[in-house]
Structure formats: C-alpha cells, structure tokens
Amino acid sequence: MANTHITGTTEPAPFRELLPVPGRTDVDLVETYAYPADLDRPWIRANMVASADGGAIDPSGRSRGLSSPSDRKVMALLRGMCDVVLVGAATARQEGYRPVRPREVWTRLREGRPATPRIAVVSRSLDIQEELLTSAPEDARTLVFTVAASPAERREFVAAHADLVVVDGASVHPDHVVRALSERGLYRVLTEGGPHLLAEFVAAGSLDDLCLTVSPHLLGAGSPRIVAGGPGAPGAPEHASVENTPVRLAHLLEAEGNLFTRYLRG
C-alpha cells in the first residue's frame, strides 16, 4: 500500500529515467505521471509500494518502512494531481489516514480546484477514525461508501460529518464507487489500497493505471502482496479475476535504489 507519511526535511535524490529514455536525468515528474487529458469518466490509478521480493507490509504492520524521500515525493505529486484519494477502511486505520493537508501536495497542481483532494473511504462497518470525518475542509469533505446493513447509529454520525453513499448488497463493488465518483465529477482517482480494495478493482477490470514503487528491501515469507485474498479468504474480492489482464510499462525511473514503475492497462 502507499505510505501516508509524506512530510520530512530530507531532500530526495534525483530521479534517473531507465525507460523509455535510458539515462535521462532531467525527468519532468508532472509530465511523466500526467492523467490522460479530457477524461469523460473516472480514471482509476493505484499508487503502491512493495519490497523487492513482493511484500507490501513491513513488520510494523504498515508500509512506512518501505518508503523513502523519493517515494514520498512521488506520493505528494500523485495526491496533488488527483481529485480524490480512495482507500479501504482497514488501511485508513492502520496507516493513520487523515484529511490531506495543503503542505502535503504540490500546490501548483491544484489551480482551479480545492487546495487538497478529497479522501474516499470504503467501509462496511463504518469503523473510521473520527478525525478523518470531522476535520476535512468543507470543499473537500470526506466521502464514505458503505452498505445498507452497516450500523444505523454509525451511519447517522458519518452522514452528519461526511458525504455518505449507501449501496445495496453485501459489499461495496467497484462499480458502485466508479458510478458515484462520476456523478460528482471526480475523474482523477488515486487509490492507495489496501490490498483487498485493490484486489476488488483488479478483479472487476476497473484499474487503469498502476504506479508501483519497488523498494530495496526484502521482507521474506508472510508479508501480504499489494493485492490480497483469494476464493474463500477473509476480505477476498467477491468476484475473483477470471483473466490475465495485460498491462504495458509506460515508464521506469530510479532514485535511491528504488524503482518507480507505471503500468497502463492494455
């Protein structure tokens, strides 16, 4: 999953392009990570970090130990570009999510939009930390997706402080999310996981863009991947992938021993 702690004073190392122009050092990150122009639907981008052997969560139970100043720079850029940051409730709790602060994004990318992107949380139980609901600015209110069977008292509290979307069925499907974001004109979507939510979008064929940082660490057996769950596993997507979805490598960058990849569907 993406690391949420993006502040710090350490200056990131320069980015070096490996593909498509090997050796290039004057990398324009805004151009490199730009969303497609003139979108007419939500474009679902994921930003995740994993160890060299595929692990997504370090021994602390978070992804912070896999991050670096360069990774945090890319995260700030991607958050500055997007309209909404989409995350599962478990990841929001584990990683300590709160509303995005203006100093945590590239402000020049927010022209004509609210100073920060909205946070959108998917939760069946509505077990969401109150700061995420109550301290968001009015022009970037937190958006919450849940099901009709969620606790009624909790729904009432959430609805008083955030924009609440209640869907029918046992779980929130990616189609529900995409439809609601489209209705609100939130087309530049950045999901930061966690692994179960990302698995849902992969299984539904809804992921357009994967930005994956490969961190120079080894975590060994037992660490979850950036997607998690299988048939019958707790938290597994209701609809497992039935095909091998091809992606193409749009770019490959390197900084501080980290590899920064961007894969596009098709």
Side-chain angles (χ1 to χ4, degrees), residues 1-34 45-82 85 87-88 90-92 94-97 100 104-106 190-199 201-202 207 209-229 245 247-265:
M1 63 194 69
N3 171 54
T4 63
H5 299 269
I6 61 178
T7 58
T9 57
T10 304
E11 183 65 24
F15 287 81
R16 178 169 60 99
E17 188 171 295
L18 302 180
L19 291 173
V21 184
R24 179 183 170 192
T25 56
D26 58 338
V27 179
D28 184 338
L29 292 178
V30 174
E31 177 182 342
T32 298
Y33 284 101
R45 163 183 284 172
N47 181 39
M48 306 293 281
V49 60
S51 65
D53 57 350
I57 298 176
D58 68 19
S60 73
R62 306 168 75 180
S63 60
R64 187 174 187 177
L66 297 174
S67 190
S68 65
S70 298
D71 179 57
R72 291 188 285 274
K73 182 174 182 177
V74 169
M75 183 177 186
L77 167 71
L78 297 183
R79 284 187 162 196
M81 286 180 161
C82 76
V85 176
V87 65
T91 293
Q94 291 164 359
E95 299 281 347
Y97 271 66
V100 180
E104 297 174 343
V105 298
W106 290 26
L190 175 66
T191 181
E192 296 175 348
H196 293 297
L197 181 65
L198 184 56
F201 277 86
V202 172
L207 187 68
D209 186 338
L210 173 61
C211 299
L212 176 64
T213 300
V214 180
S215 174
H217 295 85
L218 298 174
L219 291 177
S223 176
R225 298 169 52 223
I226 64 168
V227 292
T245 304
V247 294
R248 63 179 178 86
L249 183 62
H251 75 239
L252 176 62
L253 309 178
E254 184 275 335
E256 302 177 290
N258 299 273
L259 297 178
F260 297 86
T261 69
R262 184 184 181 191
Y263 292 96
L264 302 178
R265 182 173 58 175

pair Leu253-Val74: side-chain heavy atoms closer than 4.5 Å: no
Val30 side chain reached by Leu77 side chain, heavy atoms, under 4.5 Å: yes
Got a donor-acceptor contact below 3.5 angstrom from the [X] side chain to the [Y] backbone?
{"X": "Asp53", "Y": "Leu219", "answer": "yes"}
{"X": "Glu95", "Y": "Ser63", "answer": "yes"}
{"X": "Ser223", "Y": "Ala56", "answer": "yes"}
{"X": "Arg262", "Y": "Thr32", "answer": "yes"}
{"X": "Arg45", "Y": "Tyr33", "answer": "yes"}
{"X": "Thr213", "Y": "Val49", "answer": "no"}

Smallest separation among heavy atoms of [X] and [Y], with atom names:
{"X": "Leu18", "Y": "Glu254", "result": "CD1-CB, 4.0 Å"}
{"X": "Ser51", "Y": "Val214", "result": "O-CG1, 4.2 Å"}
{"X": "Leu197", "Y": "Gly88", "result": "CD2-N, 3.5 Å"}

Give, for atom [atom1] of [X] and atom [atom2] of [Y], the distance between the pair rounded to the nearest 0.5 Å.
{"X": "Met75", "Y": "Ser70", "atom1": "CE", "atom2": "OG", "value": "14.5 Å"}
{"X": "Arg72", "Y": "Glu104", "atom1": "CZ", "atom2": "CD", "value": "12.0 Å"}
{"X": "Arg16", "Y": "Leu252", "atom1": "CZ", "atom2": "CG", "value": "9.0 Å"}

Salt bridge flag under 4.0 Å for residues Asp26 and Arg24: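 Result for this pair is yes, salt bridge flagged.
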Close aromatic pair by centroid cut-off 6.0 Å: His251 and Phe260: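 Between His251 and Phe260, the centre distance exceeds or equals 6.0 Å.
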From CA spacing to verdict: side-chain hydrogen bond (donor to acceptor under 3.5 Å, both in side chains), Asn258, Ser68: CA-CA 8 Å; Asn258 299 273; Ser68 65; 3.3 Å; yes
Salt bridge (charged side-chain N to carboxylate O under 4.0 Å, His left out) evaluation trace for Arg79 with Glu192: CA-CA 10 Å; Arg79 284 187 162 196; Glu192 296 175 348; 2.9 Å; yes
